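The next block holds one structure in the form of structure tokens; read it before the comments.
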2 protein chains.
Amino acid sequence: MQSGPGSLILESGAEAATSSFLDDGKNTIASQLVSRLREAIISGQLEAGSKINLDRAKQSFNVSLSPLREALARLISDGLVEFEDNRGYRVSPVSLSNLEEITSLREEFETYALRESMRVGDVEWEGNVMRALHRLNRTERDAAKPETLEQWEAVHREFHLTLISGCRKPLLLSFCKTMLNLNDRYRRTFLTRTSGDRNVSVEHSEIAQGTVARDMEYACDRLREHIHRTGTNLRRHLAEKGIA
Amino acid sequence: MQSGPGSLILESGAEAATSSFLDDGKNTIASQLVSRLREAIISGQLEAGSKINLDRAKQSFNVSLSPLREALARLISDGLVEFEDNRGYRVSPVSLSNLEEITSLREEFETYALRESMRVGDVEWEGNVMRALHRLNRTERDAAKPETLEQWEAVHREFHLTLISGCRKPLLLSFCKTMLNLNDRYRRTFLTRTSGDRNVSVEHSEIAQGTVARDMEYACDRLREHIHRTGTNLRRHLAEKGIA
DNA sequence: TTTTGAAAAATCATCGATTATTTGTCAAGC
DNA sequence: GCTTGACAAATAATCGATGATTTTTCAAAA
């Protein structure tokens with residue numbers, strides 16, 4: 001029986017629901033740790049910029065040193081963890097410039113991947129896009145209920161990844177995934193309440209409609225705006241909290 | 001005293017010469033291994049697609065298991081190594097589609113990064129570009145002397161990275177570095193002789209001249225062509241060796 | 001008061017041994 | 001002959017202990 005924090009149950013539930021893009025329930029301790037640590041960082045449980053003390057982490061995750069080190073080493077790929085010789089691991093810090101770069105790169109990468117998807121994507125991909133949109137629209141997002149926020153994050157991520165999943169460029173997809181991870185950390189940490197001046201549902205629908213209609217200009221423009229608005233929003237919240 | 005293969009001496013020499021973009025001579029075994037393994041993979045010593053037997057690797061690199069596993073885990077970031085639970089690590093395979101994706105992404109990422117560099121790069125960056133160009137032009141590339149090929153690869157890599165180093169987007173730079181690594185493996189493995197139909201020196205000079213003149217259209221067009229030609233070239237060599 | 005430096009504590013890195021999983025082999029059954 | 005399943009060998013994963021490095025502490029000197 002798992003002796004870790006209760007949120008784990010919620011975690012695995014969310015994973016089961018959104019299957020395709022998250023790691024399957026792998027069996028080695030190291031791989032489980034990768035998922036758990038990633039979630040802990042993206043959700044803000046592990047504070048940005050903080051040092052990861054191996055002894056303490058070992059205890060709080062109930063694991064031995066070897067799998068912990070290996071998991072952290074793998075997380076460097078995701079840009080969520082940094083490492084320095086003899087200084088150990090630390091959670092990647094957040095900053096205004098980092099957020100701005102992530103936003104810029106999402107705009108470039110995701111619109112490129114979307115264009116490619118529209119160029120070569122098949123009918124199955126189109127169907128996946130519509131399904132992901134439907135799920136997203138049916139998922140409630142109530143700031144009063146934290147579990148709906150987590151659910152929404154999962155299906156939202158799934159929607160954006162599905163949009164570009166038709167592009168047949170695995171490396172590009174992995175970069176986009178990485179950027180999305182980093183971006184989601186900002187949202188989950190700084191954007192607890194929904195901003196009222198946007199109808200995000202409409203934005204998503206427009207992107208999806210343009211996509212299945214293979215209207216490259218329209219779909220990419222809507223996607224770029226969507227990403228840009230999210231970035232502007234987040235930047236304001238960072239500024240409010242005095243983060244440079 | 002190092003008991004490994006003699007090529008290590010050459011390696012550290014190359015690193016000293018091209019300083020800025022390669023890892024410094026770090027001290028932990030794991031970090032040294034990252035460099036040694038990366039070089040072994042890019043140079044083709046470790047065959048693409050082959051399984052990495054931990055026991056054998058342990059012996060041939062004269063290290064223990066822990067730093068070896070950690071180094072391999074970190075190399076996943078570079079796209080040079082793949083991993084599967086309980087199945088271990090393997091050298092990332094090569095394929096035509098992989099090469100094509102790398103070429104496409106280099107075209108997109110590097111021209112974007114170059115444009116950004118021209119937009120915000122300072123005078124020091126300009127100077128670095130001209131210096132890198134000069135070094136590249138002064139470095140001989142003789143298929144008969146393998147050591148000149150390695151030297152050339154190093155300064156060539158340095159040139160391309162310097163070009164885009166002014167962009168102030170660290171994440172983008174790390175993606176470009178990754179793509180360049182993957183690309184260099186193809187060249188070092190499949191392109192042992194120089195193809196006669198190109199004057200690569202002129203191509204580099206045109207890119208650099210356009211860059212310091214801040215002529216975005218010209219510089220980016222030349223860079224894109226340059227990357228594209230290299231891709232076409234490599235694709236032909238892959239086809240000759242019957243790689244799908 | 002500030003700086004310096006050596007000892008102590010904390011932390012990271014590595015190792016060898018043990019445990020768990022996968023892969024290969026081969027004989028029994030269909 | 002082909003499949004199936006148990007056994008054995010190979011390999012990966014994990015652990016606890018030991019060695020190396022960095023950081024902190026604190027007293028002595030400037």
Side-chain angles (χ1 to χ4, degrees), chain A residues 1-4 8 12 23-38 40-41 46-77 80-93, chain B residues 1-4 8 12 23-38 40-41 46-77 80-93:
Chain A
M1 190 56 74
Q2 185 67 47
S3 61
L8 267 184
S12 56
D23 302 332
D24 344 52
K26 282 301 176 64
N27 25 29
T28 66
I29 297 178
S31 293
Q32 290 175 268
L33 265 181
V34 171
S35 304
R36 293 175 67 190
L37 282 166
R38 186 188 288 126
I41 294 172
L46 284 174
E47 193 190 357
S50 67
K51 201 164 163 343
I52 298 173
N53 182 295
L54 295 177
D55 272 326
R56 278 193 283 275
K58 200 175 73 168
Q59 289 179 333
S60 63
F61 285 96
N62 277 308
V63 294
S64 182
L65 214 61
S66 322
L68 178 60
R69 287 185 69 94
E70 186 148 335
L72 286 168
R74 283 188 214 155
L75 275 176
I76 297 175
S77 323
L80 293 169
V81 163
E82 296 179 350
F83 173 82
E84 202 176 343
D85 267 338
N86 288 319
R87 295 288 218 48
Y89 296 89
R90 71 171 54 245
V91 182
S92 297
Chain B
M1 194 55 74
Q2 186 68 44
S3 62
L8 267 185
S12 55
D23 302 334
D24 346 50
K26 281 300 176 67
N27 26 27
T28 67
I29 297 179
S31 293
Q32 289 174 270
L33 265 181
V34 171
S35 303
R36 292 175 67 190
L37 283 166
R38 185 187 288 126
I41 294 173
L46 284 174
E47 194 190 357
S50 67
K51 202 163 161 349
I52 298 174
N53 182 297
L54 294 177
D55 271 327
R56 278 193 284 276
K58 199 176 74 167
Q59 289 178 335
S60 64
F61 285 96
N62 278 308
V63 294
S64 183
L65 214 60
S66 322
L68 178 62
R69 288 185 69 93
E70 188 149 332
L72 286 169
R74 284 188 213 156
L75 274 176
I76 297 175
S77 323
L80 293 169
V81 162
E82 295 178 351
F83 173 81
E84 202 176 344
D85 268 337
N86 289 318
R87 297 292 248 357
Y89 297 88
R90 71 170 53 244
V91 182
S92 296

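Proteins get letters first, then strands, A, B, ... in listed order; numbering begins at 1 in each. Just so we're clear, the structure is a prediction, and the values are computed from it rather than from any experiment.
- The shortest distance between side-chain heavy atoms of B:Leu37 and B:Val81 does not fall below 4.5 Å.
- One interatomic measurement links the two molecules: CZ of A:Phe61 to P of D:dT14, which rounds to 15 Å at whole-angstrom precision.
- For A:Lys51, the salt bridge (charged side-chain N to carboxylate O under 4.0 Å, His left out) criterion is met by no residue, not counting sequence neighbours.
- Rounded to a whole Å, the CG atom of A:Leu68 is 13 Å from the C1' atom of D:dT14.
- The cationic group of B:Arg90 does not satisfy the cation-pi geometry with B:Phe83, failing either the under 6.0 Å distance to the six-membered ring centre or the 45° limit from the ring axis.
- Residues B:Arg38 and B:Val34 form a side-chain contact, since some pair of their non-hydrogen atoms from C-beta on lies under 4.5 Å apart.
- Atoms CD1 and CD1, from A:Ile52 and A:Ile41 in turn, are 5.0 Å apart once rounded to the nearest 0.5 Å.
- As a whole-Å value, the separation of B:Leu72 CG from D:dA12 P is 10 Å.
- Using a 4.5 Å heavy-atom cutoff, the side chains of A:Arg36 and A:Phe61 are in contact.
- Among the protein residues, B:Tyr89 comes within range of no part of the nucleic acid, since none of its heavy atoms lies under 4.0 Å from any strand.
- Within the 4.5 Å cutoff, side-chain heavy atoms of A:Lys58 are placed close to those of A:Leu65.
- Distances shown here put every side-chain N or O of B:Arg69 at or beyond 4.0 Å from the OP1 or OP2 atom of D:dA12.
- With a 4.5 Å cut-off on side-chain heavy atoms, A:Ser31 and A:Arg74 count as touching.
- For the pair B:Ser66 and A:Arg69, the minimum side-chain heavy-atom distance is 4.5 Å or more.
- At a non-hydrogen distance threshold of 4.0 Å, nothing from residues 46-55 of chain B comes into contact with DNA chain C.
- For B:Ser92, there are no side-chain hydrogen bond (donor to acceptor under 3.5 Å, both in side chains) partners two or more places apart in sequence or in a different chain.
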Would you list the protein and nucleotides 21-23 of chain D atom pairs, both N or O, that sit under 3.5 Å from each other?
{"residue": "D:dT21", "atom": "O3'", "partner": "A:Asn86", "partner atom": "ND2", "Å": "3.4"}
{"residue": "D:dT23", "atom": "OP1", "partner": "A:Arg87", "partner atom": "NE", "Å": "2.3"}
{"residue": "D:dT23", "atom": "OP1", "partner": "A:Arg87", "partner atom": "NH2", "Å": "3.3"}

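- With A:Leu33 as reference, A:Val63 is the one residue of A:Val63, A:Leu75, A:Thr28 to meet the side-chain contact (heavy atoms from CB on, under 4.5 Å) rule.
- You'll find the side chain of A:Pro67 stays beyond 4.5 Å of the side chain of A:Gln32, heavy atoms only.
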Could you list, one pair per line, each protein nitrogen or oxygen that sits under 3.5 Å from a nitrogen or oxygen of nucleotides 15-18 of chain D, together with the distance?
{"residue": "D:dC15", "atom": "OP2", "partner": "A:Ser64", "partner atom": "N", "Å": "3.2"}
{"residue": "D:dC15", "atom": "N4", "partner": "A:Ser66", "partner atom": "OG", "Å": "3.2"}

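- B:Leu80 is not listed as a side-chain neighbour of B:Val91, based on a closest heavy-atom distance of 4.5 Å or more.
- Here the range on DNA chain C touched by chain B, meaning any atom under 4.0 Å from one of its heavy atoms, is C:dA13 to C:dT23.
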